[in-house]
Asker: 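Provided herewith is a single structure, encoded as structure tokens, for subsequent inquiry.
We number each residue from 1, following the sequence as shown. Below, each value reflects all heavy atoms present in this structure, side chains not excepted, and no hydrogens, waters or symmetry copies.
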Amino acid sequence: MWFEQLTGFQESTGEQVRENLNLDGSLLTSRVNGRTMVCGTLEVLSLADLRRACTDLPRGGSRLTLSEVVADVQRLHVSPANSGALFQVASQFNLLEMVSPSRTPDDGIDCYEYDRTQGPACAIACGAGTIFRNYFVNVDGRPGQTALRQLDCLRELGILLGNTDSRLWAMKNGYALATADGLRQISERLGNAGEAERDSLRERLAIGIHWNTQVTLEDAAHLVTQAYCSALPVAYSRLPSSDWEPFARLILEAAYEATFCAGICNAALTGNRTVYLTLLGGGAFGNSEVWIADAIRRSVSLFANSDLQVAIVSYGRSQPFVRDLIEDCERFLSWVGRFPLSIWTTIDFDGRGAVFETTRFTRSPEWHWRSFVLKHYRRWLSGTIVAAMWLAAAPAAERNVIFVIADDESPTLGCYGDPVAVTPNIDALAKDGTVFRNAFATTASCSASRSVIMSGLHNHRNGQYGHQHSYHKFSSYYNVVSLALPRVMANAGYRTAICGKYHVAPEQVYHYENYLKGNGRNAVEMADNCRDFIMQASEKPFFLYFGTADPHRGGGKDQTSSQELKPDLFGNKPNDGSHKGVSEVFYKPEDVPIPHFLPDTVETREELAQYYQSCSRVDQGVGRLVEILKEAGLYDHTLIVFTSDHGMAFAGGKTTVYEGGLRVPFVVRNPYETKRGVVSSALISHIDVTPSLLDFAGGLDARTNGPRDWIDPNDFWKDHPEVMKENRGGGAFRSYHGKSWIPILGAPDASHWETIFASHTFHEIQMYYPMRVVRDRKYKLIWNIAHQLPYPFASDLWDASSWQAQYRKSLDAPYGQKTVGDYINRARFELYDIEQDPHETTNLALKREFNDVLVQYQEKMKAMQKTLQDPWIMKWEYE
């Protein structure tokens with residue numbers, strides 16, 4: 001049997017397989033026969049991911065070719081001539097080769113040998129990759145697929161279609177088993193949808209791509225790439241195929257386009273432009289030859305300007321409908337060849353409609369092309385069509401980005417349900433965008449948090465553990481330059497500027513082309529100072545980082561208070577004064593809501609009233625930015641993100657890893673997203689900011705999860721001998737810790753992270769108190785590494801009237817859900833049932849009956865620390 005021949009032992013259970021094999025990166029070694037194989041890198045990528053990944057990659061200098069190859073696909077794999085080629089593989093939606101819906105991953109993969117179809121043949125050809133997909137792939141934080149835990153490439157599309165509780169289809173071992181009513185609802189949805197909506201649905205389909213996986217047959221050593229795609233199991237139901245057709249066509253169109261995109265990416269990776277296609281969904285799955293052929297035609301039209309060498313693999317004999325398909329495509333490609341490549345390159349990739357609108361040409365190819373142009377590119381037609389249909393578009397600044405970050409602001413906004421917050425401008429963005437209800441900072445310290453936002457890396461990897469300014473002097477490693485937000489946006493073709501709070505170092509790493517002046521306490525003035533930059537005449541889009549100093553503490557005390565302990569002004573003018581150009585919003589202490597982590601005292605209420613006023617000033621700055629964008633005609637061409645570096649500057653918020661410190665507002669308005677007014681429950685993190693903005697800019701490489709135009713830091717610094725002698729952090733800094741949330745902006749039920757990681761080490765230099773956190777939707781574990789020490793205070797928080805009023809009473813005085821003493825002296829571990837106890841009132845780590853949960857989450861924390869290269873992992877053993 002092929003598995004035993006490959007590994008030296010017979011396949012039994014998942015645990016047994018993993019015990020006998022060692023996985024080290026992309027290398028898989030048998031502990032039985034000593035054989036080492038390259039399993040490669042597996043990614044599950046949506047069509048949206050792949051479109052972005054290949055947008056700016058070279059397409060070559062000639063047209064796509066399409067042919068039929070009659071061959072045994074395993075022999076094609078073995079041929080050294082196909083080293084680096086891309087093979088499309090028919091699989092189920094779990095990337096495996098289940099012979100029926102009743103077979104599970106627990107049944108193993110050795111049985112593939114008895115299935116003579118193309119999919120299992122490809123899987124066996126690259127055995128190490130197949131072993132990885134069945135036994136080692138990470139699913140919900142655990143290795144391997146089982147009967148109860150599997151990949152699902154149809155999941156995100158299902159969320160968008162409303163497949164909650166499997167009411168449209170049930171996913172059973174990779175088979176999407178639809179109901180009659182489910183197909184009816186999907187057909188109605190697709191029938192009423194325009195092309196834009198249909199395309200947003202296509203984008204949600206995912207395929208599995210195994211990059212650089214070894215061919216393990218006949219002692220071959222070369223690598224290939226395999227794209228695992230599925231179709232709908234039409235023949236596995238008693239429903240007529242006509243009921244399946246609209247949905248099945250959509251899946252096929254998306255799967256073939258995703259494969260062609262992968263072909264572009266693979267060509268850039270390996271230099272091999274060969275793509276072998278299979279007839280997805282044919283044979284036992286029952287998809288019509290007409291549907292399959294039309295889906296391939298569509299992709300040929302979209303990629304006509306590439307020089308991919310595409311071959312459809314037929315086993316045993318040539319198939320008539322494939323020959324007809326190739327003839328149609330050859331006529332079309334021949335007609336395309338009459339026009340300069342630059343024209344076709346300009347046109348074809350901006351839209352997603354199919355040039356081929358019937359099974360065969362009923363009129364000339366020219367008629368179909370003209371019909372396509374009029375249908376999908378009417379906005380490009382100007383008064384004159386010049387030189388053989390040259391369609392000229394005036395330069396415009398598209399896909400601009402404004403990133404607004406407040407200083408120490410919790411989700412105290414109307415769009416988050418705050419009953420008193422006057423924040424109409426941010427609320428308006430929320431109504432026309434996406435509000436993330438579960439957005440988290442990775443650390444509740446100003447400089448440290450901003451370094452994470454601008455690098456996509458946790459602090460222990462970027463090197464900036466605490467404050468940058470004055471004697472604190474923390475800074476990031478120089479080699480972070482290869483991932484730094486302003487650098488990668490500039491490399492992606494953006495002009496960059498920062499206005500307001502910077503607070504990171506070194507400047508050479510986080511370098512902006514323009515540094516705009518602005519009073520951080522007056523966001524309206526800041527916005528006006530950005531006007532010229534925004535309106536600058538340029539074909540390049542812009543990226544503006546807009547950092548307010550509000551609502552940070554500062555500016556003195558409110559001497560009008562009758563209390564002994566005066567409230568901080570939070571940047572507000574004393575005696576109810578106003579900042580220039582700002583219509584100040586004043587709040588009454590008796591009206592403000594009290595966060596769960598604060599005591600309901602006069603002192604707290606007075607400080608919160610000042611805090612809320614400062615927040616409303618930030619909102620007015622956002623409103624002014626929107627006015628400027630609309631004046632410039634750029635509002636519908638600009639992504640706007642609003643967030644904060646961490647929670648409010650009160651003890652229990654800032655500098656802690658409690659919810660009050662880590663939970664932040666996060667509002668995104670993407671004018672290119674068709675679904676707006678979305679409230680998302682997905683877990684997102686500040687590590688996601690840089691990869692997301694770069695993704696929007698088209699500069700994120702889906703394979704590396706790093707910049708497409710990546711710069712080796714050794715090359716970058718080679719002319720700076722003073723830097724070359726510094727501690728640059730080691731490593732190449734190629735990939736981000738975070739991942740893009742751009743694909744889920746229009747999907748309220750989409751997931752992002754199952755578990756998030758957070759940390760704190762320093763705020764001010766004297767405040768050493770390392771903490772680590774893992775949090776999912778059920779539990780949150782805090783590890784207070786320096787628990788023997790009293791909890792240190794930031795100087796402004798220690799001086800806060802809201803804290804001092806309680807501290808001066810006694811250690812037993814209440815402070816939010818804790819006492820003053822409990823806040824200062826903390827247990828080594830704090831475990832909270834965050835689902836049932838969102839205010840973190842009961843530490844389950846102290847309860848014996850939760851010991852198993854504690855151990856489980858400790859192991860999860862260790863695993864994340866190892867993956868994220870956190871040096872504090874040694875503290876599990878060292879102290």
Side-chain angles (χ1 to χ4, degrees), residues 397 399-409 413-415 421-433 450 453 485-486 489 494-503 512-538 541-552 554-555 570-573 577-585 612-645 665-671 689 693:
R399 304 189 78 80
N400 306 289
V401 178
I402 294 181
F403 181 79
V404 180
I405 178 168
D407 199 350
D408 302 3
E409 183 168 356
L413 301 164
C415 55
V422 180
T423 53
N425 297 294
I426 298 170
D427 296 346
L429 293 179
K431 289 179 181 178
D432 198 31
R450 290 162 197 268
I453 288 168
L485 176 58
M489 292 297 281
Y494 280 67
R495 49 193 183 91
T496 65
I498 185 170
C499 183
K501 191 165 184 177
Y502 183 63
H503 216 29
Y512 290 83
E513 296 166 339
N514 300 276
Y515 291 84
L516 309 178
K517 295 182 179 180
N519 175 6
R521 293 298 190 178
N522 187 339
V524 173
E525 178 186 298
M526 287 174 59
D528 285 331
N529 290 348
C530 296
R531 185 177 185 276
D532 289 345
F533 172 76
I534 291 172
M535 291 190 168
Q536 179 182 326
S538 175
F542 68 79
F543 166 54
L544 172 62
Y545 183 100
F546 189 90
T548 72
D550 287 327
H552 196 287
F570 287 83
N572 304 319
K573 294 284 189 180
S578 297
H579 287 269
K580 183 180 179 180
V582 175
S583 298
E584 299 281 357
V585 181
Y612 270 94
Q613 180 183 338
S614 189
C615 291
S616 287
R617 195 161 48 250
V618 174
D619 180 78
Q620 291 187 39
V622 172
R624 182 63 185 131
L625 282 172
V626 169
E627 289 175 358
I628 293 169
L629 288 172
K630 289 181 177 179
E631 182 183 348
L634 294 172
Y635 183 60
D636 287 325
H637 304 282
T638 303
L639 176 82
I640 303 176
V641 180
F642 175 82
T643 188
S644 173
D645 53 357
F666 211 96
V667 177
V668 182
R669 181 190 182 268
N670 179 4
V689 171
L693 298 187

Asker: Going by salt bridge (charged side-chain N to carboxylate O under 4.0 Å, His left out), name the residues that satisfy it together with Asp528, two or more places apart in sequence or in a different chain.
Answerer: Arg624
Asker: Output yes when a side-chain donor or acceptor of His579 lies under 3.5 Å from a complementary backbone atom of Gly571, and no otherwise.
Answerer: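 Yes; at least one donor-acceptor contact below 3.5 Å.
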Asker: Just jot down the salt bridge (charged side-chain N to carboxylate O under 4.0 Å, His left out) partners of Glu513, sequence neighbours excluded, or say none.
Answerer: none
Asker: Could you work out, with side-chain hydrogen bond (donor to acceptor under 3.5 Å, both in side chains) as the rule, every residue matching Ser644, not counting sequence neighbours?
Answerer: none
Asker: Mind checking what makes salt bridge (charged side-chain N to carboxylate O under 4.0 Å, His left out) contact with Asp408, not counting sequence neighbours?
Answerer: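 Testing Asp408 for salt bridge (charged side-chain N to carboxylate O under 4.0 Å, His left out), a comparison that skips the adjacent residues, returns Lys654.
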Asker: Please report the interatomic distance CG(Leu693) to CG(Leu639), rounded to the nearest 0.5 Å.
Answerer: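 These two atoms lie 6.5 Å from each other.
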Asker: Against Ser614, only a single residue in Asp550, Asp407, Thr548, Asn572 fulfils side chain to side chain donor-acceptor pair (under 3.5 Å); can you say which?
Answerer: Asp550
Asker: Considering only NZ, NE, NH1 and NH2 on the basic side and carboxylate oxygens on the acidic side, decide whether Arg531 and Glu631 come within less than 4.0 Å.
Answerer: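 Answer for the salt bridge query: yes.
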Asker: With a cut-off of under 6.0 Å to the ring centre and 45° to the axis, is Arg669 in cation-pi contact with Tyr635?
Answerer: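 Yes, a cation-pi geometry holds between Arg669 and Tyr635.
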Asker: Going by side-chain contact (heavy atoms from CB on, under 4.5 Å), name the residues that satisfy it together with Ala549, two or more places apart in sequence or in a different chain.
Answerer: Arg521
Asker: side-chain hydrogen bond (donor to acceptor under 3.5 Å, both in side chains) with His503: which residues, sequence neighbours excluded?
Answerer: Ser447
Asker: Sub-3.5 Å donor-acceptor pair from the side chain of Asp636 to the main-chain atoms of Pro671, do we have one?
Answerer: no
Asker: Could you tell me whether the side chain of Asn522 reaches within less than 4.5 Å of the side chain of Lys580, counting heavy atoms only?
Answerer: yes
